[in-house]
Amino acid sequence: MHIGRRFKELRKQRNVTLSEAVGNECSVAALSKFENELSEISSETFIHLVNRLHIDWREFQSDKEPAPFLPRYQQAVDQESPYQLLSLQYELVATHKGNPENNIAYCIVQLTLMRDYPATTTPNHLVKKQAVDYLIRVDHWNQEGFIMATLLVGLVPLSVVDLLIQHVLYQIESADTPQSKLDLANTFIADAALRESREGNIENAKKILLLSRQNTIPDLLVATHLKYVDCLIRQQAGDPHASGQLTQLRHFMNMINAGKIAKRWEKAAPGDPTF
């Protein structure tokens, strides 16, 4: 269910009018458009509105029994919805009272908010430290581990990224590593190379990109990611052919409805690397 439509239901259940709901947070017209799926409001405004009406974040879950974490998380990421991420975050806080930072799902949501929607959350250095400690401690990463490592690329110093690279290589050192795991590792490698290039370390970026590998046919999006980052690095290094190739890749990404993902790859600066 659309978050705005669900908010409208919860507001009406409380017999609260639009003007009563908005207070000084936004205009009545803005909230009405949000509730009717005509436009969005800022995540910060949405948080204030939810708090004004004393709505429990769990009210935004579509099912009584929540679905597994990863599909819900992926849906929020694909739809670029900070509201769904915030709903997941509050649910996880309620479930893991006391020390939610130790919960992997909570760390993933918090890191995603810090990286992609910094206005919605305060930088949490404890979460970053807990995530790095977990990845270093665990011998064999699952999908959540690779997601967490990739999120950390733009949020920690390069020295920590270098450490994570070594652990990613350890995860895929076996000759029979399945392609699905290589795809996860290659996604991390592409982002790590891009981070190095953004810092001006072009040669290091090239070396990191060479660490990618595949056993069979890679995932189309992952293969495009690697090619796209390669072009971005070559463009930064002054390759005259890179710009034209980037244009072609952008057209291709739009063709497969992945233009928004390409824009994220092109973001000019990583997140706050304080750690």
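Starting from 1, each residue takes its place in the sequence as its number. Worth saying up front: this structure is predicted, and the values here are computed from it rather than measured.
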To the nearest 0.5 Å, how far apart are [atom1] in [X] and [atom2] in [Y]?
X	Y	atom1	atom2	value
Ile3	Phe46	CD1	CZ	5.5 Å
Asn254	Ile261	CG	CD1	11.0 Å
Arg115	Thr121	CZ	OG1	14.5 Å
Lys129	Asn124	NZ	CG	12.5 Å
Asn103	Tyr134	CG	OH	10.5 Å
Ile55	Gln13	CD1	CD	9.0 Å

- Item | Verdict with supporting geometry, Arg11 and Glu35, salt bridge (charged side-chain N to carboxylate O under 4.0 Å, His left out) | CA-CA 10 Å; Arg11 174 178 64 77; Glu35 289 185 344; 2.8 Å; yes

Taking [X] for its side chain and [Y] for its backbone only, find out whether a donor-acceptor pair lies under 3.5 Å.
X	Y	value
Trp141	Leu135	yes
Gln214	Asp183	no
Arg14	Leu10	yes
Ser197	Leu194	yes

- Stepwise side chain to side chain contact (heavy atoms under 4.5 Å, CB included) check, Lys128 with Met114: CA-CA 10 Å; Lys128 289 189 280 186; Met114 282 192 280; 4.1 Å; yes

Are the side chains of [Y] and [X] in contact, using a 4.5 Å heavy-atom criterion?
X	Y	result
Cys231	Leu249	yes
Asn201	Leu158	yes
Tyr90	Leu85	no
Met253	Arg250	no
Glu25	Arg52	yes
Ile189	Asn186	yes
Gln248	His251	no
Leu31	Thr45	no

- Message: Under the criterion side chain to side chain contact (heavy atoms under 4.5 Å, CB included), I'd like the reasoning laid out for Ile208 against Phe188: C-alpha separation, chi angles, the key distance, then a yes or no.
- Response: CA-CA 10 Å; Ile208 290 170; Phe188 169 89; over 6 Å; no

- Message: Run the side chain to side chain contact (heavy atoms under 4.5 Å, CB included) test against Thr216 and tell me which residues pass, sequence neighbours left out.
- Response: Gln179

- Query: Lys33: what forms a side chain to side chain contact (heavy atoms under 4.5 Å, CB included) with it, not counting sequence neighbours?
  - Reply: Leu38, Ser39

- If a pair satisfies side-chain hydrogen bond (donor to acceptor under 3.5 Å, both in side chains) and one of its residues is in residues 238-247, list it, with sequence neighbours excluded. Arg234-Asp239, Arg234-Gln245, Gln235-Ser243

- Item | side chain to side chain contact (heavy atoms under 4.5 Å, CB included) assessment of Phe34 paired with Lys8 | CA-CA 9 Å; Phe34 172 64; Lys8 183 178 183 178; over 6 Å; no

Side chains of [X] and [Y]: is there a donor and an acceptor less than 3.5 Å apart?
X	Y	answer
Asp78	Gln74	yes
Tyr73	Thr112	yes
Asp191	His225	yes

- Message: Thr17 vs Glu20, test: side chain to side chain contact (heavy atoms under 4.5 Å, CB included). Steps then yes/no.
- Response: CA-CA 5 Å; Thr17 66; Glu20 289 170 340; 3.1 Å; yes

- Heavy-atom closest contact (Val229 atom, Ala190 atom, distance): CG1-O, 3.6 Å

Do you reckon [X] sits in the same ILVMFWY cluster as [Y], going by side-chain contacts under 4.5 Å, direct or chained?
X	Y	value
Phe146	Tyr170	no
Ile217	Leu226	no
Ile104	Leu70	yes
Leu169	Val156	yes
Leu151	Val138	yes

- Audit row: Glu199, Arg195, salt bridge (charged side-chain N to carboxylate O under 4.0 Å, His left out) steps and yes/no: CA-CA 6 Å; Glu199 299 285 347; Arg195 169 71 190 278; 3.0 Å; yes

